[in-house]
**Student:** 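Take a look at this one; I'll ask things after.
Reckoned from all heavy atoms, side chains included, excluding hydrogens, waters and symmetry mates.
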Amino acid sequence: MILTSATMADRLQQSASGSCDLQIVPTPDLTMLRQSASSSLDLRLGCWFSTFRSTQSSHFKVSAPAREANSPVFAAAATDSEKAQYVPFGSPFVLHPGQFALGVTLEWLRMPHDLCAYVSVRSSLSRHGLMLATATGVHPHFTGCLTMELTNLGAVPMEVTPGMAICQLFFHRVESSAQESSEADRPRISQFIGNRRPVLRVPMLDEIAMKLSNGGSTPPAGG
Amino acid sequence: MPLDFGSRFLRGELLMKTPLIPGPDSHVLRRQTLQKLETVYRDINRAALVNSHPVNLEVAIESLKGVCERSIHTVSAAEHDTALLVACTDAVNSLRSILIPMLGMIVRASNLRLAFELYYPLRRMTWALFGEKTALLLASNWNYYPDTHVGHTFPLVIIGLPAIDSSNALIVPLAGHEFGHNLWDDQGLSSEFDSRVNEALRQVCQRDEAGGLLTEMLGKSHLEANGQPRWDSLEVKSFVSTLTSVVSAQLEEHFCDALALRLFAESYLKALCYLCVPGPQGRDDRYPPLTDRLRHLQQFAREIRVDWCVSELACTIGIERSTVRGRLVRLLVDTLAPAVQRCARRLATDRRMPLRNRNRVDQISRQFRNLVPVGGKQTLTDIINAAWQVSDDLETARSLKLEPERWRELVNQMALKTCEVTEYHERLDS
């Protein structure tokens, strides 16, 4: 079930009174949110961006065994092409046609155990060619700023400014078991949470993918 | 235009006809000096083209260009060998002590290792301390310690935070100490305290508090029959002058400590211990030993009701054996330190610098423990004090199954986000 703006406002208000409910900092104007009578919440563009530059590496290995991906040397090499940029409020960031960059939301979210959300670009921007990764999911217990994948698919450079409304969140209620509800207040930590800058991590091969990759080298027993 | 002199020189219009300077010919000397200056000038222009352009960078760039242009002009226009030699010497001194170090600061001011969110609250502090619209350049610094550039060459306050820690919000209270050096200079406190040091020395001698120290240092030939120094003898004057400059330099450090403690409360003590314990060895005697700094800070902390959160170990580690002069310096510094602390406190209060608010710190800490930054407007002092409180709380880290390093990083992120959110609200209200 998608939450209405009035329900979102109620839940944000509850968290202001100290409960561990949905929290968004800076908190949106709750009166305006109620009046909007919509089913989404606008989020603003933050000040940090990541762009990508040419390096001496011949390619980027999009997946690596977990052990390799977790090593600091590998992680540093894999994110070598990333170039962070800080754009203060009032200054523009220009996204050129075809350019891909990572941005971040100004708002820091803390999702409760019973809500998840989907992010989509504001239609007024997408009509000019600005694309965000589609249907990015925000899971229960997530906390931090959302990293957004920005691409300009238009034919002309596009100027975006920190603080502008850039995307919208659609909140959904999550069904949870009694046990999950009892552990509701405890935040769960993953490598993607708690960041104020765009996050770029090395995708890891999971156990199944590892077995599939290595399976051919060992003949099956009894064969 | 000053650069015209450079091009006129390149066209040979300004070459010296009769080289009189020993070593390189005067025209070679002029060419080499101009070459160095113009290389720096080009680099200053290049520094303006960076992508991440911190506010106030242009103020620093314009003033540095001014210094460089004046040097180029003086070297190009020198008409005879003596003037040229003086101009080239000045230019090289300027390159060594101002142009190159400052160019480094400017280049590092846009380095992305910096936590740019700190810029806005620090600029607020700069405005409150030095007047509305005073420019601030915040840079990272390839030194272990934070640094500042004090003087009237640049119309801005320049703070360099250690590069290794420049994205760490927890060490920002050390900028309070660097503000102190700028305020000491801005208020002309050096000359005021020089005379008080002199006065204190005479009183110490009259009361015979120095015991045998003066005899030991000056020798009996420079003392009157009553044991008082012969104040009008050249040796005694030179001794007093050196002593005054050392005591005054140490008092400046105590002033800066007191200002930082008044501005940042407990978080300054924690940041100081993080960076300086075990204490720095081998600094000259113009710098007070860490144990003395902590002793005076403890006294001042009691006065301004700041909790003393420094371990016994930190207060005793690295005590050095004092020389005779060191003992006399300490005697004078101990006499005057309370006065510089009062002065720092008065200046901060006159400028309405906010005090740390315990309730606000507790509220922010609670929010950080819930893994959320704080909305609304918060003072930098409260944010950093809360961040120190929470980052030391490893119990919460354990309950979240986080390594201490990851926990501290998370707290740092929340502290910096809170600074940004404060900026957001202040901009909305302005």
**Student:** Any idea which of B/Gly375, B/Gly376, B/Pro373 has the most non-hydrogen atom pairs under 4.5 angstrom with chain A?
**Tutor:**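 Highest number of pairs under 4.5 Å: B/Pro373.
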**Student:** With a 4.5 Å heavy-atom cut-off, do A/Leu106 and B/Lys417 have their side chains touching?
**Tutor:**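 They are in contact (side-chain heavy atoms under 4.5 Å apart), so the answer is yes.
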**Student:** Can you tell me if NE2 on A/His128 sees more than 12 non-hydrogen neighbours from other groups inside 6.0 Å?
**Tutor:**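 Check fails, neighbour count at 12 or below.
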**Student:** Taking side chain as C-beta onward, heavy atoms only, is A/Trp48 less than 4.5 Å from B/Phe116?
**Tutor:**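 A side-chain contact exists here, since the closest heavy-atom pair is under 4.5 Å.
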**Student:** Measuring from atom CG of B/Leu371 to atom NE2 of A/His141, what distance do you get when rounded to the nearest 0.5 angstrom?
**Tutor:**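 B/Leu371 CG to A/His141 NE2: 11.5 Å, rounded to 0.5 Å.
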**Student:** Crowded around A/Met164 CE? As in, over 12 foreign heavy atoms under 6.0 Å?
**Tutor:**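 More than 12 heavy atoms, drawn from other residues, nucleotides or ligands, come within 6.0 Å of this atom.
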**Student:** Evaluate whether atom CD of B/Glu132 has more than 12 neighbouring non-hydrogen atoms of other residues, nucleotides or ligands under 6.0 angstrom away.
**Tutor:**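 For B/Glu132, atom CD is crowded (more than 12 foreign heavy atoms under 6.0 Å).
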**Student:** Return yes when atom NE2 of A/His172 has more than 12 non-hydrogen atoms of other residues, nucleotides or ligands closer than 6.0 Å, and no otherwise.
**Tutor:**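 Count over threshold, so yes.
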**Student:** Which bit of B/Val411 is near chain A, if near means a heavy-atom gap under 4.5 Å: side chain, backbone, both or neither?
**Tutor:**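 Contact with chain A involves no heavy atom of B/Val411 at all.
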**Student:** Working to the nearest 0.5 angstrom, can you tell me the gap between B/Leu428 CG and A/Asp29 CG?
**Tutor:**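 The CG atom of A/Asp29 is 10.5 Å from CG of B/Leu428, to the nearest 0.5 Å.
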**Student:** Relative to chain A, which segment of B/Val372 carries a heavy atom at a distance below 4.5 Å: side chain, backbone, both, or neither?
**Tutor:**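 For B/Val372, heavy atoms of backbone and side chain both lie under 4.5 Å from chain A.
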**Student:** Which distance, rounded to the nearest 0.5 Å, do you find between the CD of B/Gln367 and the OG of A/Ser15?
**Tutor:**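 OG of A/Ser15 is found 8.0 Å from CD of B/Gln367.
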**Student:** If the test is salt bridge (Lys or Arg N to Asp or Glu O under 4.0 Å), which one of B/Glu420, B/Glu117, B/Glu409 qualifies with A/Arg196?
**Tutor:**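 The salt bridge (Lys or Arg N to Asp or Glu O under 4.0 Å) with A/Arg196 is passed solely by B/Glu117 among B/Glu420, B/Glu117, B/Glu409.
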**Student:** Pick from B/Val374, B/Leu114, B/Val421: which one has the most heavy-atom pairs with chain A under 4.5 Å?
**Tutor:**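 Ranked by heavy-atom pairs under 4.5 Å with chain A, first place is B/Val421.
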**Student:** Step through the shown structure and confirm whether more than 12 heavy atoms of other residues, nucleotides or ligands are within 6.0 Å of CD on A/Gln99.
**Tutor:**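 Buried by this count: over 12 neighbours within 6.0 Å.
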